[in-house]
Amino acid sequence: MELLYISAAFLAGFIALRCKLPPLVGFLVAGFGLNSFGFHSTPALTTLADLGVTLLLFTIGLKLDVKTLLNKEVWGGATLHNLLSTALFTLFLVILKQLGLTMFAEMAFNQLVLIGFALSFSSTVFAIKLLQEKGELNAKYGTVAIGILVMQDIFAVLFLTISTGKIPDITALGLFALPLLRPLLYKILDKAGHGEILVLYGVILALVAGAGLFEIVGMKPDLGALLLGMLMAGHPKASEMAKSLFNFKELLLVCFFLNIGLAESPTLNGFLMALVLMLLLPLKGILYYAVFHLCRYRVRTSMLATLTLFNYSEFGLIVGGVAYKMGLLPGTFLVAMAMAVSLSFLLAAPLNSMSNKLYTEAAKRLKEFDPERLNSNDKLIDFDHAKIVILGMGRIGSGAYDELESRYGKQVLGIETRTDSVELHCKQQRNVIHGDATDPDFWERTINNNNIELILLAMPNGTANIYALEQLKSRHFHGKIAAIAKYDDEETQLHQQGVDAAFNIYNEAGSGFARDVCEHLHLQIATIKTD
């Protein structure tokens, strides 16, 4: 049975990909299609879906800067949005009840408040999956959105604890000792190598030390996986571990999106209620934008973060399930919520694929803050006297920086999206600043960018490099542009977009290795002449 589900997911996902939509749209459609033919979720599929979510949150924790959550824009923004959206959603539902709408007529006020609370959350899995596919997980708007989602997960833990009356065991206090185990966990990671043991260690940390341990003491398992990932985030191999788990996690998440479509059988009443709930989605988006604007983020940051969070959360299903078991909500709401979550995903996916185009149009009508009043994390970028700029300061970008600096001195500038990486480079005496090269406003926000003679696109995500190249060409940049590519089709696309030089990192690694060997070993092997 599961093989049939996976086959259907592949076919629908492939079609969605060819239609330039995120594959997860296809997975959702496949789930609904199978459900319409009488197929339902299985225990095995549900288990795989849960594992996928747990691994996803663990890998996000590996990349998450805990200081992000301490920003008042994050915890304050998440709290304000949750309170406002719950209140306004409840008011909307009360109005529908007073108008005599059948599906809400018999619901009590506390039930409507509970529905409003469930609708205030956005999907962590969906949002992060979109950011990964766009290569913008570390972009400013991406880190803001993730911070909001983490805070919402914390609200979820509080709700489940209060609503079920289940107080964590006294042993939960022992979780505060986890940071004391960090040296031991780091030492094991040092010895884990780079192959299957590294992958297995990541799975053990996520599922056993994280989710399993938290579940034993009465806490939310997914939160345990996230926090353990954050505990390991400071290790130099944290990024490598996240990459090693990537394909495994992606396969399991296919089951998650399939499971949403398979979980509930659609009914006419449920579908009508879902459509009513979808009317609240624009209001949710407006509230997100208002909160981000209040924090003085730029228009683009506010808008793209809003689009990333423009959906309902699978947590709404958990709230509904708990409330249903306690007799607080009718069963029809579970069906409606399942359909509303799925419909919100189907609507949000294409909107996010067009997010930059939507921003370009909206920016003509939305007023930007004065540069001096912008959020300190979202201000102008000063290139100073740099003539060479490297976009992406990973291993390749760092190597290129060191080589170019040895040739041309202090005229090289690195741009990196991760703040922790920027701090590390600065400690190593490299001239690196924080910035997002995929931001359409990036070059408009720069100071002294007319001095730039060479730009290297060294971001690890091929889509990000191509998009940055498009931005440069659209702004008539007159210097030289070179870029890296992982695959032949990426290299071809870069040339088609007008890059001056494109380098396949796998091909160049081999030639670079041979060149260094010859130079360092001073090889003088006689050439064999052929007729």
Side-chain angles (χ1 to χ4, degrees), residues 46-69 124-125 127-129 131-132 137-138 143 146-147 149-154 156-157 160 168-169 171-256 394-395 418 420-421 424 460:
T46 301
T47 300
L48 292 174
D50 292 341
L51 292 177
V53 172
T54 302
L55 286 177
L56 174 68
L57 292 175
F58 174 71
T59 55
I60 291 306
L62 288 173
K63 301 176 182 179
L64 189 63
D65 184 358
V66 69
K67 289 184 291 186
T68 302
L69 302 181
T124 302
V125 180
I128 293 175
K129 188 75 169 63
L131 289 170
Q132 286 181 331
L137 196 61
N138 294 316
T143 58
I146 291 172
L149 291 167
V150 172
M151 290 303 303
Q152 289 183 353
D153 277 347
I154 295 174
V157 173
L160 292 174
D169 295 341
T171 52
L173 295 175
L175 296 176
F176 288 103
L178 277 177
L180 300 177
L181 296 177
R182 181 185 291 173
L184 174 61
L185 298 177
Y186 274 23
K187 190 169 292 186
I188 296 174
L189 184 52
D190 287 332
K191 305 293 184 181
H194 305 280
E196 61 272 20
I197 295 300
L198 179 64
V199 177
L200 188 58
Y201 186 44
V203 172
I204 292 294
L205 287 174
L207 303 184
V208 180
L213 184 60
F214 270 59
E215 187 172 28
I216 288 173
V217 299
M219 299 287 286
K220 194 168 182 280
D222 292 344
L223 182 64
L226 176 68
L227 292 180
L228 206 74
M230 293 169 63
L231 188 69
M232 301 297 293
H235 195 282
K237 290 177 67 175
S239 179
E240 182 183 352
M241 176 180 279
K243 291 177 182 177
S244 70
L245 291 169
F246 181 80
N247 289 332
F248 184 39
K249 172 203 66 183
E250 293 292 289
L251 181 60
L252 293 176
L253 285 177
V254 173
C255 300
F256 171 81
R395 284 177 291 183
R418 292 186 59 174
D420 57 340
S421 180
L424 180 61

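One is the number of the first residue; the rest follow in order along the sequence.
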Atom CG in Leu253, atom CG in Leu56: separation rounded to 0.5 Å? 5.5 Å
Could you please spell out the steps behind the side-chain contact (heavy atoms from CB on, under 4.5 Å) verdict for Lys237 and His194? CA-CA 9 Å; Lys237 290 177 67 175; His194 305 280; 4.3 Å; yes
Can you find a pair of side-chain heavy atoms, one from Leu178 and one from Leu213, that are under 4.5 Å apart? yes
My understanding is that only one of Thr54, Leu228, Asp50 makes a side chain to side chain contact (heavy atoms under 4.5 Å, CB included) with Leu207; could you say which? Thr54
Would you check, one step at a time, whether the test side-chain contact (heavy atoms from CB on, under 4.5 Å) holds for Gln152 with Thr124? CA-CA 9 Å; Gln152 289 183 353; Thr124 302; 5.9 Å; no
Quick one: closest heavy-atom pair of Pro179 and Pro183, and the distance? O-CD, 4.0 Å
State the CG-CG distance between Leu251 and Leu51, to the nearest 0.5 angstrom. 11.5 Å
Ile188 CD1 to Tyr201 OH distance, which is reported to the nearest 0.5 Å: 4.0 Å
Looking at every heavy atom in both Leu48 and Cys255, which two are closest together, and how far apart are they? CB-SG, 3.8 Å
If I take atom CD from residue Glu250 and atom CG from residue Leu55, how far apart are they, to the nearest 0.5 angstrom? 11.0 Å
Apply salt bridge (charged side-chain N to carboxylate O under 4.0 Å, His left out) to Glu240 and list each qualifying residue two or more places apart in sequence or on a separate chain. none
Within this structure, what is the CG-OG distance for the pair Leu200 and Ser244, rounded to the nearest 0.5 Å? 10.5 Å
Output for pair (Leu62 CG, Leu231 CG), nearest 0.5 Å, gives 10.0 Å
Heavy-atom neighbours of Tyr186 OH exceed 12 at 6.0 Å: yes
Among Leu205, Val53, Leu226, Val203, whose side chain to side chain contact (heavy atoms under 4.5 Å, CB included) with Phe58 holds? Leu205
Do the non-hydrogen side-chain atoms of Lys249 and Leu252 ever get within less than 4.5 Å of each other? no
Quick one, Arg182 and His235 - any side-chain contact, counting heavy atoms below 4.5 Å? no
Closest approach of Ala238 and Ala233, non-hydrogen atoms and distance? CB-O, 3.7 Å
Are any non-hydrogen side-chain atoms of Leu189 and Leu185 less than 4.5 angstrom apart? no
